[in-house]
Each structure stands twice: as C-alpha cells, then as structure tokens.
Amino acid sequence: MPTVYFNGKFIPENQALVPINTHALHYGTGCFEGIRAYYSEKENALLVFRMQDHYKRFLQSCKILMTTPEESVDKLCEITTKLIQKNFEKIDLYIRPLAYKADRAVGNFNLKFLKNGLAIYTIAFGRYLNTDKGIRANVSSWRRIPDNVIPARAKITGGYVNSSLAKTESLLAGYEEALFLDNQGHVMEGTGENIFIVRDGIVITPPESDDILIGITRLTVMTLLKNDLGITVIERSIDRAELYQTDEVFVVGTAAEVTPVVEIDGRIISNGKIGKITADVKDLYFKLVHGDYPKYRKFITKVEL
Ligand code: PMP
C-alpha cells in the first residue's frame with residue numbers, strides 16, 4: 001500500500017479520504033502539480049525533475065485560488081523527498097500535490113474564509129503519449145479558458161473540465177490529442193501540453209500572456225533549443241492555419257515530455273515523420289531528465305532509499 005502525505009501526516013493511501021461534502025469536490029476549488037521522477041539504474045536513485053520550480057508554480061496557483069498551504073517550497077520539497085523514499089520503487093514515478101478547499105460545500109464561495117487541505121501522492125508512470133511515433137491531433141471545438149474566466153496559468157482542478165471535454169472529443173473522433181484555440185482563433189496549447197511549431201528553421205511558441213499554462217517543460221525546451229541547439233525561439237501568438245503549413249509541430253509537458261505531432265485535422269505534418277529539430281530537442285530533453293546532461297544537473301533532485 002503506497003503512503004500519502006495528507007494534512008500533515010504520512011498515512012496509508014486507503015486512509016486518506018475526504019468527506020462527500022468537500023468544497024473542492026463540488027466546485028473544483030483545488031490547485032495541483034504534476035512532477036516526474038525518473039528511475040536511474042546507474043545511480044539506483046529516483047531523479048526528480050525541477051521539483052523546486054514545480055512547487056514555486058504550485059504556490060503561485062494557490063495564491064490565485066487562496067489555497068496556499070502553510071508549507072514553504074523548501075518544506076514541500078523535503079516532504080516530497082521523504083514520500084518518495086517511503087514509496088521507493090525502481091520505476092518512473094509521477095508526483096501529485098493537491099491543495100484544496102476542505103470545508104463543507106454549502107452556500108459558501110468566499111475563498112478567503114474556506115479551510116485548506118493538502119495532499120501529496122505518487123503513482124507509477126510510464127509514457128503518456130507516443131513520443132516515438134508521434135501523435136495525430138485535432139483543433140478542438142472547445143476554446144481555451146480565458147484568464148478572466150478561469151486562469152489557464154494556474155493549475156486549478158476545476159479548469160481541467162476544459163481539458164477533459166476537449167480530450168474526450170478528440171479521442172471519440174479518433175485523434176490522440178486536442179489543440180485549443182482561444183476566442184480570437186489563436187492556437188494556445190494542448191489539454192496538458194504546451195505547443196511549439198517550426199517554420200523555416202525558427203521555433204515559435206505562444207507567449208506567456210496568451211491563455212496557457214507556463215509550462216516547466218516549455219521553459220526547459222526553450223533553453224535547450226536556444227543554448228544547446230543554437231535555434232532561434234520566438235514567442236508570439238500562432239494562427240490556426242499556420243498549423244497546417246508548418247515544417248514541424250511538437251507538444252511538451254511533464255507527462256507528455258516531448259511528443260511530435262505528425263498530423264493535425266487530416267493535414268500531414270513533416271511527411272508524417274518526426275522532424276529534425278523535434279528529434280534533436282527530444283533527445284536532449286530525455287538525456288537531461290535522466291541525469292545524463294551534467295550541465296543541467298541543477299534541475300535534478302536525487303532521491304536515494
Ligand atoms: N498546459 C497544460 C494545460 C498542462 O496541464 C500542462 C501540464 N502541467 C502543461 C501545459 C505543461 O506544463 P509542464 O511542462 O509544467 O508540465
């Protein structure tokens with residue numbers, strides 16, 4: 001039975017239960033993170049990727065929703081390290097912190113006066129999308145949630161209804177992922193990934209002021225493209241029709257890692273193969289997260305038994 005961290009204690013997962021009337025369950029008032037830890041056989045350790053940065057973003061999300069836990073970034077990292085040690089297995093792990101409104105959901109929408117709960121749990125996690133062959137995606141009929149509706153820049157549980165509707169529509173239509181437009185028709189991101197396109201050797205990705213989550217993988221990939229591959233990266237809004245004309249498209253995220261997109265709305269991208277820039281940055285990313293890129297070791301927290 002895995003251990004979870006639940007409101008100040010490490011307890012068996014089957015004892016970490018919330019009442020049926022919990023506010024977050026009714027109204028989607030929770031903030032979460034998704035962190036990966038890769039098992040390294042060479043080091044016999046789990047290598048947690050950018051844990052500090054994930055917890056910094058966690059607290060930023062919590063600030064918007066007023067679900068800030070008592071624990072600091074350092075304390076959250078310390079708790080997570082202990083939790084990984086308790087659940088240590090020689091496999092890749094996904095770590096899920098959740099800060100949520102724990103009061104009873106009856107006639108109370110004042111976030112300021114609602115009690116917060118905190119849970120952190122881990123699950124075994126392999127590939128999320130097909131990073132080897134690439135995926136087929138469609139442009140969703142659902143639009144991305146705007147900042148003045150539910151801020152996409154925060155990982156708010158209720159906001160993921162938007163992702164669930166879009167992903168379900170795509171899967172039912174035979175695609176593997178959905179790409180969101182905003183209400184002006186610009187391309188925002190996937191349901192759990194940021195998007196990059198390649199045009200004439202230049203890489204383009206939507207800016208932070210668009211309705212996107214400011215992904216940690218996005219920042220990592222931008223660094224690799226610029227500093228290690230010497231490629232120009234431009235942050236600007238992307239039109240829908242550009243998707244059909246680009247040389248390469250890839251999506252990135254903690255779960256999705258670097259996943260090539262080889263078809264969008266029936267248009268074949270890059271002859272249905274993985275483009276050169278996508279392949280190069282994907283290789284570097286995998287090397288980095290597995291601890292084999294000394295220059296970026298600072299992004300990794302090594303957890304041993
Ligand atoms: N966009 C959305 C909507 C997401 O849920 C995620 C996954 N957290 C991402 C982008 C990628 O963010 P990150 O690289 O920090 O995982």
Side-chain angles (χ1 to χ4, degrees), residues 28 30-38 48-62 64-65 73 76 80 92-99 123 125 127-129 131 135 137 139-140 142-147 149-170 177-182 186-197 205-225 233 235 238 249-259 261 281-282 284-286 288-289 296 299-300:
C31 292
F32 67 101
E33 265 305 319
I35 310 170
R36 263 194 195 263
Y38 291 88
V48 192
F49 186 57
R50 299 192 78 161
M51 180 157 61
Q52 288 262 344
D53 294 320
H54 277 283
Y55 277 119
K56 274 189 204 154
R57 186 175 66 188
F58 183 56
L59 295 189
Q60 293 287 6
S61 296
C62 289
I64 293 175
L65 202 69
V73 167
L76 290 164
T80 303
D92 295 347
L93 282 185
Y94 188 78
I95 303 140
R96 167 56 55 86
L98 172 72
I123 48 165
F125 201 54
R127 295 281 87 74
Y128 173 64
L129 294 172
T131 50
I135 54 162
V139 171
S140 184
W142 297 95
R143 297 292 169 258
R144 189 70 182 127
I145 33 176
D147 190 69
V149 176
I150 299 175
R153 69 182 58 244
K155 281 184 80 71
I156 294 172
T157 57
Y160 279 77
V161 169
N162 189 218
S163 291
S164 303
L165 290 169
K167 183 88 181 192
T168 303
E169 179 188 60
S170 292
E177 187 50 282
L179 301 174
F180 280 116
L181 305 180
D182 66 0
H186 288 125
V187 180
M188 295 292 113
E189 59 182 339
T191 60
E193 309 88 27
N194 292 112
I195 188 167
F196 288 81
I197 65 170
T205 195
E208 292 188 2
S209 50
D210 273 359
D211 293 319
I212 63 166
L213 183 77
I214 301 159
I216 288 163
T217 318
R218 173 185 178 275
L219 295 174
T220 309
V221 161
M222 284 166 74
T223 302
L224 290 173
L225 285 164
V233 181
E235 289 176 76
I238 296 171
V249 180
F250 56 94
V251 290
V252 309
T254 298
E257 301 163 305
V258 177
T259 300
V261 181
V281 79
K282 187 184 117 180
L284 286 185
Y285 181 78
F286 276 99
L288 194 166
V289 294
Y296 295 108
F299 287 153
I300 285 167

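Counting convention: from 1, in listed order, for ligands and their atoms alike.
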- Query: What protein heavy atom is closest to atom 6 (C) of ligand 1, reported as residue, atom name and distance in Å?
  - Reply: G192 O, 3.2 Å

- Message: Quick check on contacts: which atoms of ligand 1 are under 4.0 angstrom from a heavy atom of G215?
- Response: 12 (O), 13 (P), 14 (O), 15 (O)

- Message: Tell me the contacting part of T191 for ligand 1: side chain, backbone, both, or neither, using a 4.0 Å heavy-atom threshold, strictly below.
- Response: backbone

- Message: Testing the basics here: between T217 and G253, what is the closest heavy-atom pair and its distance to 0.1 Å?
- Response: OG1-C, 3.1 Å

- Query: Relative to each other, are the rings of F58 and Y55 parallel, tilted or perpendicular (30° and 60° limits)?
  - Reply: perpendicular

- So is K155 polar-close to ligand 1, meaning N/O to N/O under 3.5 Å? yes

- Note on the structure: min-distance protein heavy atom vs atom 16 (O) of ligand 1 -> T254 OG1, 2.5 Å

- Ion pair R153/E208, N-O distance below 4.0 Å: no

- Task: Considering non-hydrogen atoms only, spot the tightest contact between V251 and V261 and give its length.
- Result: CG1-CG2, 4.0 Å

- Please say which of D182, D211, N162 ends up in a side chain to side chain donor-acceptor pair (under 3.5 Å) with R144. N162

- Query: Counting heavy atoms only, which of D53, T217, I145 comes nearest to atom 14 (O) of ligand 1?
  - Reply: T217

- Message: Counting only nitrogen or oxygen atoms and a 3.5 angstrom limit, does R144 reach ligand 1?
- Response: no

- Query: Nearest protein heavy-atom contact for atom 1 (N) of ligand 1: which residue, which atom, what distance?
  - Reply: E189 OE1, 2.6 Å

- Charged N-O contact under 4.0 Å between K167 and E177: yes

- Before signing off on this row, confirm whether R57 and ligand 1 have an N or O atom pair separated by under 3.5 Å. yes

- Message: If the threshold is 4.0 Å, N to carboxylate O, is there a salt bridge linking E235 and R218?
- Response: yes

- Going by distance only, is there an N or O of S163 that falls short of 3.5 Å from an N or O of ligand 1? no

- Is there a donor-acceptor pair closer than 3.5 Å between any side-chain N or O of R36 and the backbone N or O of Y94? no

- Which heavy atom of the protein is the closest neighbour of atom 5 (O) of ligand 1, given with residue, atom name and distance? Y160 OH, 2.5 Å

- Message: Counting only nitrogen or oxygen atoms and a 3.5 angstrom limit, does G253 reach ligand 1?
- Response: no

